[in-house]
Protein chains: 2
Amino acid sequence: MLGILLYEDNDSLRESLGNLLALSKDLLLLGSFSRASGVLDQVRELKPEVILMDIDMPGTNGIEAVRQVRTIDKKVQIIMLTIFDDNRHVLDAICAGASGYLLKKHLSDHLPDAIRQVMQGEPPMSPGIARMIIQKMQEPAMKPAAPDYGLTTREKEILTQLSKGKGLKMIAADLAISLDTVRTHIKNIYEKLQVHSQAEAVSKALNDGLV
Amino acid sequence: MLGILLYEDNDSLRESLGNLLALSKDLLLLGSFSRASGVLDQVRELKPEVILMDIDMPGTNGIEAVRQVRTIDKKVQIIMLTIFDDNRHVLDAICAGASGYLLKKHLSDHLPDAIRQVMQGEPPMSPGIARMIIQKMQEPAMKPAAPDYGLTTREKEILTQLSKGKGLKMIAADLAISLDTVRTHIKNIYEKLQVHSQAEAVSKALNDGLV
DNA sequence: CCGTTGCTCCCCTGATTTCGGTATAGGAAG
DNA sequence: CTTCCTATACCGAAATCAGGGGAGCAACGG
């Protein structure tokens, strides 16, 4: 039995989708909403396996909602519902963490199948989307956003140690320098990376591939 | 008129592909080769719009050839030819810079169309490939023994905030809970992750894909 | 009903970190 | 030779964090 959440601002469509889902005995609609503003609480509360999310909604849009959900749950499968198939929003949604997408005009035919499909790790996806994905993949590959910052060798070294959980004291010992020197380096790192804590520095370093 | 280069190690297939291309008046086969070892010089010399590249070739394989070509020409469209559709090589080829991908058994039907298609920025792509791409995109590093630890939703949420550089105080404000509660959660996180600092917790979370 | 779990809140102490300075020696660059 | 950069070192105040304790409450399952 798959628990499902539905977000769709069009009342009649939302209702008919609910009816459609009710026809499948292995699908259970845990809740349906016209706005995504409460999505975090709802996901926490209802723990769905699948979320059906309209892209265009007043207030919190579907893409932002996906992003939010992904911050608290990396496993729930999210299927986007949309009326456009050549919309860049679809791509954004995929990048935000959506698992698949369906055109609204095809919903009645494919929805239940698509849900089962997505649970088996085979995202429903129209051919047009694949193209956009490929292109997106190849562009950013050339633009690895080389954020070098001006980090010196010593600073990178200290950043690496930090990411391993070493305290300043231990780093000083390992590098055979004074605790105060380590402090100075870290101050400089903060300055260069525009951060103000170890945690953020480590996060930035890891995300930008500096270590 | 589109200039085309063909790389295919099977002699008879290479010949029949050449004949196939000759049937289309808007396509011009600039050259065909059984090995990709000279691809760089040939691209420089013949300046093709499109390259048809077999994946499996003796010597320099098709994927490596793509990588090389991309270092000197970012605009030429490259279509991979292969007999397998569920092969990880396909994904590698895409990452290396291939624009599209065709199964050999479908060549005779689709090749001329595919070439025109790719020139219009619409990479030909069999449906199964699209799925592979999406999945690879979304689960880039899930393979190395995804350690779950017993982190609760709330704890993951706080870990995420930490990695953004938020201080405990700010996290408390954002989540509308007390500072002490945040500290309790963090204490539990440390316990579960077996770490002793924010930096190490963030590092571990990022490396193990928990956030 | 009881035990467990997740989330919440509180207190305390000592250690650590942040951040503001200042400063010297050596090397690279101008 | 002077300037800039890097690494080094020190001081001190203020803020934050780690680690220890205890406790209430709601939900869930046996």
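Proteins come first, then strands; the chains are lettered A, B, ... in the order of their sequence lines, and each starts at number 1.
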Roughly, in whole Å, what's the span from CG in Leu175(B) to C1' in dC7(C)? 12 Å
So, does Lys204(B) use its side chain to make a donor-acceptor pair with the main chain of Leu193(B) at under 3.5 Å? yes
Asp54(A)/Lys104(A) ion pair, N-O < 4.0 Å: yes
Distance check needed: dC19(C) C1' versus Gln198(A) CD, whole Å only. 14 Å
So, do Tyr190(B) and His196(B) sit near enough that their side-chain heavy atoms are less than 4.5 Å apart? no
Looking only at dT16(C), dT8(C), dG20(D), the nucleotide nearest the Lys187(B) side chain is dG20(D)
Given dT8(C), dC17(D), dT17(C), the nucleotide with the shortest approach to the side chain of Leu168(B): dC17(D)
Between dA9(D) (P) and Ile158(A) (CD1): distance, integer Å: 11 Å
Rounded distance (Å) that lies between atom C1' of dT17(C) and atom NE2 of His185(A): 17 Å
Position toward the 5' end of DNA chain D (nearest nucleotide), Asp180(A) or Thr152(A): Thr152(A)
Could you tell me the separation between the CD atom of Glu191(B) and the P atom of dG6(C), rounded to a whole number of Å? 13 Å
Working to the nearest 0.5 angstrom, can you tell me the gap between Gln161(B) CD and Leu168(B) CG? 11.5 Å
Any Tyr190(A) side-chain N or O less than 4.0 Å from OP1/OP2 of dT18(C): yes
Counting side-chain heavy atoms from CB outward, which of dT8(D), dT8(C), dA18(D) is closest to Ile177(B)? dT8(C)
From CD of Gln194(B) across to P of dA18(D) the rounded distance in Å is 15 Å
Is it the case that atom CZ in Arg35(B) sees more than 12 heavy atoms from other parts of the structure closer than 6.0 Å? no
Check this one for me: any side-chain N or O of Thr181(A) less than 4.0 Å away from OP1 or OP2 of dA9(D)? yes
Hey, can you pull the residues of residues 37-51 of chain A with a non-hydrogen atom under 4.0 angstrom from DNA chain C? none
Under 4.0 Å from OP1 or OP2 of dT8(D): is there any side-chain N or O of Arg183(A) that close? no
Side-chain atoms of Thr184(A) come closest, of dT18(C), dT8(D), dC9(C), to dT8(D)
Selection from dC9(C), dA7(D), dA9(D) that lies nearest to any side-chain heavy atom of Glu155(A): dA7(D)
Round to the nearest Å and state the distance from Ile186(B) atom CD1 to dA18(D) atom P. 6 Å
Selected nucleotide, minimal atom distance to His196(A) side chain, candidates dT8(D), dG19(D), dC19(C): dC19(C)
Short side-chain to backbone donor-acceptor contact, Arg67(B) and Ala96(B), under 3.5 Å: no
Please report, rounded to the nearest Å, how far the C1' atom of dC17(D) is from the CG atom of Leu179(B). 10 Å
Do Glu155(B) and Asn188(B) have side chains that approach each other closer than 4.5 Å (heavy atoms only, starting at C-beta)? yes
N or O in side chain of Ser178(A) less than 4.0 angstrom from dC10(D) OP1/OP2: yes
